[in-house]
**Student:** 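Below is a structure I'd like to ask you about.
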Amino acid sequence: MSSSKNKGNWNVKYRSKIVGIHAALLNNGRIILFSYPSREHNDNHDDEHAHSIFGSASHHGVFEIINPANWKGEDPKKIKKNVFCGGHCFLDDGNLFVSGGQYQTVHNPILLVDPPSICTHTFSAHDYEWKLRQRSFLARWYPSCIALSNGTILIMSGSYGIYGIKKVGPFNFVNNRLEIYSKETGLKTIQKIPFRLGLYPFLYMLPNGHVFVHSERTTRIYDVNNRSWIKFKSTNKLFEIHTNYEYSRTNPVQGASVILPFKKYSTEAKIMLIGGGGKSDDPKIDTPATETCEIIEFKGDKESESDIPAWRYTTNMNFKRVMPDAVLLPNKKVLVVNGTEKGKSDAGQEPVLIAELYDPENESWVLLNEMEVPRFYHSNALLLSDGTVMTSGTDKEWNKGREHDEYRIEVFTPPYLMKGSLSEGGRPDIKNVKLQLQYDEVVSIESDQAEEINSVTIIKSSSVTHSLNTDQRCIELEILGTKKNYLTVRMPNSANFAPPGYYMIFILDKDETPSKSKFIQLLRTK
């Protein structure tokens, strides 16, 4: 355990029953981890994954529910279908949506290989049950999903080739069909993508309702309402913006990305790319990663030729990182953890143990304390409802040179929880707040420290895997007034700004000490 008031504190809290490759925060504060059945942790060797081009001995996944309130976990349960290496995000009702996965449900004895999964699932935050929703036309392995302003899910990318083969000669095996999932109407293919899109692209909703799509080193904008890709009017060519860094920041040389915190309903959106693979189209295990980061800013309601946004470098990290994780914090800063200084996804070395904190206001980095558990490929980081950050994952199977699967869950207590302006170093407390809210609604928050509160933020419950988290969103609310035990705030006025679903609401004092959160639900507009 490392500890310092101004550098935070790391603590191994729990030893999980599975490797936490996928993680999601449910709206009751609990965590679901899911993965493939681990060879190392399973006594029944006849029911394990055997990863090879000749298929797998098992076609299901496993999951575990953990309660951070007392750091206890339930025994792992099987998932009938395989969701490992699928894509996911939360529906507005709090259920987790998962598209695709590693293998089909039935082994192909003729070809002796397993194509990726064509299934879509939801996981209920209420009864902890998986439900097979629908099968897609083509498989998706390493797809991305994003929740839209109308409560539907947009799905894109993912490999459908044998054992995840993306390309053979002129043949491209990345799924180029855009699909929409709706709770009411199910899964529908809406159109094909007219260009090649890589795996696990970064996706974010912009305040104008368009979707930011970044793959490799190219950014494009998708107009959901018109079901079209934004083009330059003068040339009719696709609106494409390239990063300054000349190599890919997405899979398999994944960097991290975040849509930076919004300031009180500003229509400006800033997106940040963090780290990634080194100066090669195909980095090896000893290829140095990059410490560079870039920001792009969308300044209004429209993308136009007269005001073309551009990627620009921001301050470098102190460490090179491939496969890092970036976490939005209640104080509107960005915590970066995990990753290695060299290599790529499943071939990394020299883990980075020191956490770094980015301040978007002055674009500076602060070094924090070292974690105990190194995190390689198949690890993640997730903000918890009490304002701490959980890290989990790293398996033996997909990391060259790793001797063991990693079951330890380590939790970081940020510096903002190690100080306080309140009596006896305490933190603010939300005693009561309305839990289901409409857009633009004015709501009162009851707190004994109301007069000492300096800011209020909401952060969407999120899900993460492979350095990808499309759910993350942090919005500073406008404080309209303060009385002795109450402060009044206004909810976001648009679902484009804050997609419907569950958010954690935090109140923060003048020292940026946040309360524990309450879960609120922004209701979908009828």
Side-chain angles (χ1 to χ4, degrees), residues 87-92 97 99-100 120 136-138 140 142-158 172 174-182 185 187-233 235-243 248-251 257-259 267-273 296-305 307-311 468-473 494-500:
H88 40 75
C89 63
F90 276 105
L91 290 157
D92 63 312
F97 173 84
S99 172
T120 56
S136 180
F137 178 72
L138 283 178
R140 293 187 188 271
Y142 288 42
S144 295
C145 308
I146 185 171
L148 302 179
S149 57
N150 61 0
T152 62
I153 304 294
L154 178 67
I155 311 151
M156 62 179 69
S157 186
N172 182 22
V174 175
N175 193 328
N176 73 336
R177 286 168 169 78
L178 284 180
E179 289 181 295
I180 291 278
Y181 174 79
S182 166
T185 60
L187 192 68
K188 290 184 178 180
T189 298
I190 57 174
Q191 65 191 125
K192 291 184 178 180
I193 300 175
F195 49 83
R196 190 183 71 83
L197 195 64
L199 302 181
Y200 274 151
F202 300 137
L203 308 179
Y204 296 106
M205 276 284 296
L206 298 175
N208 62 2
H210 294 166
V211 176
F212 165 97
V213 180
H214 185 84
S215 172
E216 297 176 346
R217 60 179 299 255
T218 302
T219 298
R220 302 173 180 92
I221 306 296
Y222 183 67
D223 183 338
V224 178
N225 292 330
N226 294 319
R227 295 187 177 179
S228 63
W229 295 90
I230 298 296
K231 295 182 178 180
F232 293 116
K233 292 181 180 179
T235 62
N236 204 37
K237 290 184 178 179
L238 280 176
F239 189 90
E240 295 184 326
I241 311 162
H242 303 293
T243 56
S248 172
R249 293 189 193 266
T250 57
N251 190 275
S257 71
V258 289
I259 186 164
T267 58
E268 298 182 357
K270 292 182 180 180
I271 295 164
M272 183 176 180
L273 302 181
I296 193 169
E297 184 172 357
F298 297 89
K299 295 186 176 181
D301 293 335
K302 304 290 183 182
E303 292 83 30
S304 67
E305 294 179 63
D307 188 21
I308 301 172
W311 286 104
L468 179 71
N469 187 336
T470 65
D471 276 316
Q472 277 196 113
R473 211 164 182 91
S494 169
N496 292 337
F497 199 69

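No hydrogens, no waters, no symmetry mates; every other heavy atom, side chains included, goes into these values.
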**Student:** May I ask you to check if Arg220 and Phe239 form a cation-pi contact, with NZ or CZ under 6.0 angstrom from the six-membered ring centre and within 45° of the axis?
**Tutor:** no

**Student:** Under the 3.5 angstrom rule, does the side chain of Ser257 hit a backbone N or O of Leu273 as a donor-acceptor pair?
**Tutor:** no

**Student:** Strictly under 6.0 Å, is that where the ring centroids of Phe202 and Phe212 end up?
**Tutor:** no

**Student:** Within the distance-only criterion (no hydrogens, no angle test), does the side chain of Asn176 pair as donor or acceptor with the backbone N or O of Ser157 below 3.5 angstrom?
**Tutor:** no

**Student:** Compare all side-chain heavy atoms of Glu216 with those of Arg196 and state whether any distance is below 4.5 angstrom.
**Tutor:** yes

**Student:** If you take the centroid of each ring, where Trp contributes its six-membered ring, are His210 and Trp229 closer together than 6.0 Å?
**Tutor:** no

**Student:** Return the CE to CD1 distance between Met272 and Ile259, rounded to the nearest 0.5 Å.
**Tutor:** 13.5 Å

**Student:** Can you tell me how far apart CG (Asp471) and OH (Tyr204) are? Round to the nearest 0.5 Å.
**Tutor:** 10.0 Å

**Student:** Assess the residue pair Thr267 and Asn208 against the criterion (side chain to side chain contact (heavy atoms under 4.5 Å, CB included)); give the C-alpha distance rounded to whole Å, side-chain angles, the decisive distance to 0.1 Å, and a yes or no.
**Tutor:** CA-CA 8 Å; Thr267 58; Asn208 62 2; over 6 Å; no

**Student:** Considering non-hydrogen atoms only, spot the tightest contact between Thr152 and Asn150 and give its length.
**Tutor:** OG1-OD1, 2.6 Å

**Student:** Distance-only, no hydrogens or angles: does the Glu297 side chain make a donor-acceptor pair with backbone N or O of Ala269 under 3.5 Å?
**Tutor:** no

**Student:** Are Gln472 and Val258 side-chain neighbours, meaning at least one heavy-atom pair lies under 4.5 Å?
**Tutor:** yes

**Student:** Quick one: closest heavy-atom pair of Pro500 and Asp92, and the distance?
**Tutor:** O-CB, 3.5 Å

**Student:** Heavy-atom distance under 4.5 Å between the side chains of Ser144 and Ile155, does that happen here?
**Tutor:** no

**Student:** So, does Tyr181 use its side chain to make a donor-acceptor pair with the main chain of Thr120 at under 3.5 Å?
**Tutor:** no

**Student:** Is there a donor in the side chain of Glu179 and an acceptor in the side chain of Ser136, or the other way round, less than 3.5 Å apart?
**Tutor:** yes

**Student:** Between Ser215 and Tyr200, do the side chains contain an N or O donor and an N or O acceptor separated by less than 3.5 Å?
**Tutor:** no

**Student:** Ignoring hydrogens and geometry, is there a side-chain-to-backbone donor-acceptor pair from Asn175 to Arg177 under 3.5 Å?
**Tutor:** yes

**Student:** Give me the atom names and distance for the closest heavy-atom approach of Tyr222 to Ser228.
**Tutor:** CD1-O, 3.4 Å

**Student:** Taking the side chain as every heavy atom from C-beta outward, state whether Leu197 and Met156 have any atom pair closer than 4.5 Å.
**Tutor:** yes

**Student:** Are Ile271 and Phe298 packed together at the side-chain level, in the sense that at least one heavy-atom pair is separated by less than 4.5 angstrom?
**Tutor:** yes

**Student:** What distance separates Gln191 CD from Leu178 CG, expressed to the nearest 0.5 Å?
**Tutor:** 5.0 Å

**Student:** Can a donor-acceptor pair be found, under 3.5 Å and without considering hydrogens, that links the side chain of Thr470 to the backbone of Cys145?
**Tutor:** yes

**Student:** Spell out, as yes or no, whether a donor-acceptor pair under 3.5 Å connects the side chain of Arg473 to the backbone of Met205.
**Tutor:** yes

**Student:** For a 4.5 angstrom cut-off between non-hydrogen side-chain atoms, does Val211 reach Leu154?
**Tutor:** yes

**Student:** Rounded to the nearest 0.5 Å, what's the gap from CG on Leu187 to OG1 on Thr189? Could you check?
**Tutor:** 6.5 Å

**Student:** Quick one: pull up OG1 in Thr250 and CG in Leu468 and give me the separation to the nearest 0.5 Å.
**Tutor:** 10.0 Å

**Student:** Flag the pair Leu148 / Ile180 as yes when at least one side-chain heavy-atom distance between them is below 4.5 Å, and no otherwise.
**Tutor:** yes

**Student:** Donor-acceptor pair, distance only, cut-off 3.5 Å: does the side chain of Ser149 make one with the backbone of Asn496?
**Tutor:** no

**Student:** Is the shortest distance from a Lys or Arg side-chain nitrogen in Lys231 or Glu240 to a carboxylate oxygen in the other one below 4.0 Å?
**Tutor:** no

**Student:** Under 4.5 Å between any side-chain heavy atoms of Leu91 and Ile153, yes or no?
**Tutor:** yes

